[in-house]
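Presented below is the structure to which this report refers.
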Amino acid sequence: MRLFHPTSLLPLKTPSLINPIKQASSSSSTSRHPQTSIISSLLKSCSHSNHLKQTHAKILTLALHHHHFSFLSSLTLSYISHGLIHSAHLLFHTIPSPSPYLYNLMIRSLANHGHLHQSLGLYSSLLSSTTHHPDKFTFPFALKSCAALSDIHNGKQIHQHSICLGCENDPFVRAALVDMYSKCGYIDSARQVFDKMPQRDLVSWTCMISGYAHNGCNFEVLEFFHLMRSSGVRPNRVSLLSTLLACGRLGALCKGQCIHGHAIHTGFDTNVLVATSIIDMYAKCGSLNVARLMFDITDGKDLVCWSAMIACYGYHGLGRDAIDIFNCMVRAGTKPNHATFTSLLSACSHSGLVNEGRKCFDSMVSVHDVEPKLNHYACMVDLLGRAGRLHEALELIERMPMKPDSSLWGSLLGACRIHGDIDTGEKVADKIFELETTHSGYYVLLSNIYAAKSRWKEVERVRKLMVGNKVSKVQGFSLIEFGNQVHKFGVDDRSHPQAKEIYSYLKELAGKLKQHGYVPLIDFALHDIEDETKEASLLYHSEKLAIAFGLINLSPEAPIRVTKNLRICADCHNAIKITSKVVSRKIVVRDMNRFHHFENGYCSCGDYW
DNA sequence: CTAGGGTTAG
């Protein structure tokens, strides 16, 4: 009985080559042909793709394929094992009735080689086959293609098929479903599948954990890592990767050290993937020196590992070190890629290394054979703009071989804010709002440009524009780790148990800061309110709350490490510089773009951020 | 015949 009418279930693109022969081949496949043994041994000895093609040609010449379909299957398998997926796919379609095994293998190979539509097309033909149907092996492969395409529509359909065909309880299918839903951004559906699992193995836990990481749910990553361990499942290197990623994003150094300890204990720390994640975690938690130490002891550094270290120096504003590492990498014979240059150019930009950045950019094509993409141009616009060379940045945009997008114009708008260029800023903002009106960051930038010159009418106009376009500001928050827990503070947040203590501490601190020359930059309080209220609202920015919490609770010699989701504001930047001097503490703040190491009244960014 | 994975602008 047919369970499905294929056309109503899967509106998938069918492959261009439809199986021309729609009948079973059983009658002829058993007869012997004089050439059979010759071809058979030929196939077995195929060690090179050319041999394969020669064998294929011989089969065609001898017209064997009309009588011996099994040869075609063997040949398809050989093509697959040699990575000749396109040839395998073409040949597959000449096989009258491929076995379910061959179907599965072909669907998997197409998925693994990135031919995702073709993989789903083949799933669709299997579904419409009169003799076979998808089985527990098919579903994980087909779901993998949906995951890679973020294709929730077909993913849901295939989920239904797996239920109808009684495969829903297969652990592989379940894990693939969790993965598919989370890669498509449906993390709650992934969780539902996970919760219904009769038993959870290491991979299903890991799928759920990496699913949370993929969707930016970093607290849940740590929670589930803990739950997994409590349920007696021992993490392996893959589960460590997502967990380290989450620690890095949260700036949770202690937690990250704990995971690192676990990696050492289990020996996974010597794996280059885990090592790269450890390096990145330390740098993102503010411990650049430890990151470098881990980098130095990593054997078998590959492209990603080198690139990660370059990015680490970039976050911390150490452009020259980034360039040094890049040179070492090239000398070591590792060829840089797009990501390497993205990190390298960004590092130059954050350090104001204009000429060096330009040289790197020029060398991309001429030396390293890497074609610059839009984001590399964005880095260059940022590099030039930040350094005050707004005209050169504009010239570069005009010379670019591709169309600028809103984020590239956004880099230039950021530069206009730094250099207080209202005229260029307005023109750039117009360009941006032609392309994109939903991103609150651009409105805030434009508003800040006006506010810095006390142009309150325009500030109000931008605010109304936001309301008109139904854009709301992204809520700022800051994180700080204490007592095996990451504490989160919003703006003017009074929900923390220690809120009372924090607020009175800040009030007292503000007095001391003023004695040391702190003047609140009330221009950055955007609302149309009294100056005194503006000052108070600045005082309770999330990063100030988090720092006060750290100063109250952490031991006196421990540096204060805070992670913020937005760019640090100028008033906080100034206040924290003075705080570091007044309380004699190292304060490390990671904002959306980079690190600020505050010490003795100065910031490592040199106010260039 | 099956699964999960490291770096990347603003």
Side-chain angles (χ1 to χ4, degrees), chain A residues 77 80 99-109 111 135-144 147 167 170-180 182-183 201-211 213-214 235-245 248 268 271-281 283-284 298 302-312 314-315 336-347 349-350 373-383 385-386 405-415 439 441-442 445 566-567 591-594:
Chain A
L77 283 175
I80 289 174
S99 66
Y101 166 74
L102 196 61
Y103 255 112
N104 290 341
L105 206 63
M106 197 66 240
I107 291 170
R108 176 173 65 133
S109 307
D135 59 20
K136 63 173 185 166
F137 294 104
T138 325
F139 292 117
F141 310 146
L143 288 166
K144 187 178 179 165
C167 296
D170 181 79
F172 289 83
V173 176
R174 289 246 178 212
L177 282 166
V178 169
D179 187 55
M180 182 277 292
S182 62
K183 294 251 170 70
D201 61 8
L202 172 64
V203 178
S204 43
W205 275 104
T206 309
C207 284
M208 198 61 231
I209 290 171
S210 54
H214 189 84
N236 70 351
R237 62 197 170 97
V238 185
S239 37
L240 293 177
L241 296 176
S242 293
T243 312
L244 286 162
L245 176 71
F268 293 126
N271 172 273
V272 72
L273 277 77
V274 176
T276 303
S277 294
I278 289 169
I279 292 161
D280 185 61
M281 179 277 294
K284 287 206 173 115
T298 298
D302 64 3
L303 166 68
V304 179
C305 189
W306 284 105
S307 302
M309 194 64 230
I310 293 168
C312 293
Y315 312 146
N337 71 355
H338 285 110
T340 319
F341 280 106
T342 302
S343 299
L344 185 63
L345 293 173
S346 157
S349 175
H350 285 304
K373 289 201 221 173
L374 196 54
N375 65 331
H376 301 111
Y377 280 97
C379 290
M380 287 308 289
V381 167
D382 186 64
L383 175 86
R386 218 180 264 277
D405 66 355
S406 58
S407 72
L408 185 134
W409 287 117
S411 304
L412 194 57
L413 189 63
H439 194 308
Y442 302 133
L445 269 177
L566 299 174
R567 182 180 175 278
D591 76 3
M592 188 192 211
N593 300 325
R594 60 165 294 153

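By convention in this document, chain letters (A, B, ...) are assigned in the order of the sequence lines, proteins followed by strands, and residues within each chain are numbered from 1. Keep in mind that what you see is a predicted model, and the values were worked out from it rather than measured.
The side-chain heavy atoms of A/Asp591 and A/Leu566, taken from C-beta on, include no pair separated by under 4.5 Å.
Donor-acceptor pairing under 3.5 Å is recorded for the side chains of A/Ser239 and A/Asn236. A/Tyr103 and A/Asp135 share no donor-acceptor pair across their side chains, judged by distance under 3.5 Å alone.
Among the atoms of the strands shown, only primed sugar atoms or phosphate atoms (P, OP1, OP2) are found under 4.0 Å from some heavy atom of A/Lys284. Using a 4.0 Å heavy-atom cutoff across all strands shown, A/Arg386 reaches sugar-phosphate atoms only and no base atom.
Whole-Å rounding puts the A/His376 NE2 to B/dA9 C1' distance at 9 Å. In this structure, A/Met309 places its CE atom 12 Å from C1' of B/dT7, rounding to the nearest Å. Rounded to an integer number of Å, the gap from CG of A/Asp591 to C1' of B/dA9 is 14 Å. Rounded to whole Å, atom P of B/dA9 lies 14 Å from atom CG of A/Leu408. Look at NE2 on A/His439: it is 14 Å from P on B/dA9, rounded to the nearest Å.
A sub-4.0 Å separation between OP1 or OP2 of B/dT7 and a side-chain N or O of A/Tyr315 is absent. Note on A/His350: a side-chain N or O is less than 4.0 Å away from OP1 or OP2 of B/dG10.
Cation-pi check for A/Arg237 over A/Phe268 is not met; the charged atom does not lie both under 6.0 angstrom from the ring centroid and within 45 degrees of its normal.
Partners of A/Arg386 under the salt bridge (charged side-chain N to carboxylate O under 4.0 Å, His left out) rule, at least two apart in sequence or in another chain, are A/Asp382.
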Quiz item: Where along nucleotides 1-6 of chain B does protein come under 4.0 Å, by heavy atom, of base (B) or sugar-phosphate alone (S), with - for untouched nucleotides?
Solution: BBBBBB
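Taking 3.5 Å as the limit, the base of B/dA9 and the side chain of A/Ser407 contain a donor-acceptor pair of atoms between them.
With rounding to the nearest 0.5 Å, the separation of CG in A/Leu413 from CG in A/Leu408 is 11.5 Å.
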